[in-house]
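Numbering of ligands and ligand atoms starts at 1, following listing order. All values below were derived from every heavy atom in this structure, side-chain atoms included, with hydrogens, water molecules and symmetry-related copies excluded.
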Amino acid sequence: MSAPRASPPFNSILIVGAGPSGLLLALLLARQLPKIEITLVDTLEALDTRPRATHYGPPAAYELRRAGIIQDVRDEGFLPKKITWRKLDGTVLAGMDGDVMEGVTEDRLVCLPLDRLGKILLKHLETCPNVSIKWRHKVTGIGEDTAKGKAWVDVMVEGQTDSIKLEADYVVGCDGANSQIRRSLFGDWNFPGRTWDEQVVATNVYYPFEKFGYDDSQFHIHPEHWYMAARITKDGMWRVSYGELKGLSNEELIARQPMKYEAMLPGNPKPHEYKITNIGPYKVHQRCAEKMRVGRFLLAADAAHLCNPFGGMGLTGGICDIGSLYDCLVAMHEGKTDDSILDVYDEVRRQKWKEIIDPFSSDNIRRLFDQDPENALENDEFLKMCKRTETDINFAREVAAGMNILRYDFTPHFKSAKATNVNISHKEKTST
Ligand SMILES: Cc1cc2nc3c(=O)[nH]c(=O)nc-3n(C[C@H](O)[C@H](O)[C@H](O)COP(=O)(O)OP(=O)(O)OC[C@H]3O[C@@H](n4cnc5c(N)ncnc54)[C@H](O)[C@@H]3O)c2cc1C
């Protein structure tokens, strides 16, 4: 007679936030653990359509592949080829060619505006009977019943006067930069880090950059008019994100946009020469929560950490959190480890932010405004590295795969999971 099977460590997961990280976690878990009940709640009535992420690095592509959606993402989006760093007059200083990874790996930098990624995730989630999505549900408070082994959230449902309680074995806060889960755990103003003086305005625009010999993505180095211009759709929409002065209101920032475009873009266009479809001013931050696990509450992606958008490390890092959390929860459910693996998740993901995402993304933005473009090629080690990739293909491949350092293989921590003994060397081999 076989031994009775122990009951699984959890049967239900509540994910707060139906942004890209919450949707992806739901999809990964739903497909691997079809018997658990997954509930997503979101304040909004539908997907957020603000102009935000567009580029997802190789480790994010790996997770999108594991979720079974990479082909859809590639079909709707595209694989960017060249990225260059330029002076404001368009002179190329150095560049990197994405095509060096052609035939080398499936997991390549991929470009697709976030709202379209969200639609793909939703379409796939519709095929998962164990997932329910509750829009217009705003989480306002949290609690944990340790005796019962449950976590719960207070939720205000739009149009109703009384709040309701939703309960689950674990609650994952994927509720973005202003996360209520994080605020409830650590306090409203406790999100350690800093805010940049510089503000960023992100615009989506139709303008024929190709006519000026522009590549798929370029970063312009200039003390005042620093900006990024990247093609983001197959039909020729571009993302132009530029730096602005501190202290300006949103209205002032929007009013200055025609002046900024005329000063920055090739051809110095007037408003009738381009068509803007979205404009969004953003304050940019480098912040990381104190912990990404407290009891039965977990944090992931923007709810846990933020970085400026130059270099596309925000959601790429967030998606790596999701892949890690998925690996840990599945291993727990399959009895390969106990819940102390979630403390390892917490330590690993915060360390990845602190040692990789924060310093690299900070360098990415500073590089654009904090150096003389005339001397950049002589002084900037990163640009020198890019220059070398132009003639050394093996080195170029190494650099292109570099972001995979954000992934992590948790299997060595299974069973003996003890956060205090964690040795989370970034050189550790990642699982495939
Ligand atoms: C201009 C710009 C460009 C960027 N470009 C890139 C890029 O190219 N590559 C990249 O990797 N990253 C990029 N990023 C970062 C990226 O957009 C974010 O990291 C990503 O959107 C975070 O996803 P998320 O799911 O964690 O949070 P969000 O997308 O913010 O989703 C959070 C969800 O939670 C919901 N929510 C919030 N509070 C509650 C509550 N109390 N109750 C219920 N629901 C709630 C919200 O309604 C929302 O739907 C960029 C960011 C900006 C601003």
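Of the protein's non-hydrogen atoms, the one nearest atom 43 (C) of ligand 1 is T43 OG1, 3.2 Å. Looking only at heavy atoms of the protein, atom 29 (O) of ligand 1 is closest to R52 NH2, 2.7 Å. From the protein, the heavy atom lying nearest to atom 42 (N) of ligand 1 is V139 N, 2.9 Å.
Taking distance alone, with nitrogen or oxygen atoms compared against 3.5 Å, H55 approaches ligand 1 more closely than that limit. At under 3.5 Å, not a single nitrogen or oxygen of L44, backbone or side chain, sits near a nitrogen or oxygen of ligand 1. For the pair D302 and ligand 1, the shortest N or O to N or O distance falls below 3.5 Å.
Of the possible donor and acceptor atoms, none in the side chain of D107 sits under 3.5 Å from a partner among the backbone N and O of P58. Without hydrogens or angle criteria, S12 side chain to D169 main chain gives a donor-acceptor distance under 3.5 Å. At least one donor-acceptor pair under 3.5 Å links the side chain of D145 to the backbone N or O of K148.
For atom 52 (C) of ligand 1, the nearest non-hydrogen atom from the set G317, C320, P309, G318 belongs to P309.
With a 4.0 Å cut-off on non-hydrogen atoms, S179 does not touch ligand 1 at all. Contacts between T316 and ligand 1 below 4.0 angstrom, taking non-hydrogen atoms only, involve backbone and side chain alike.
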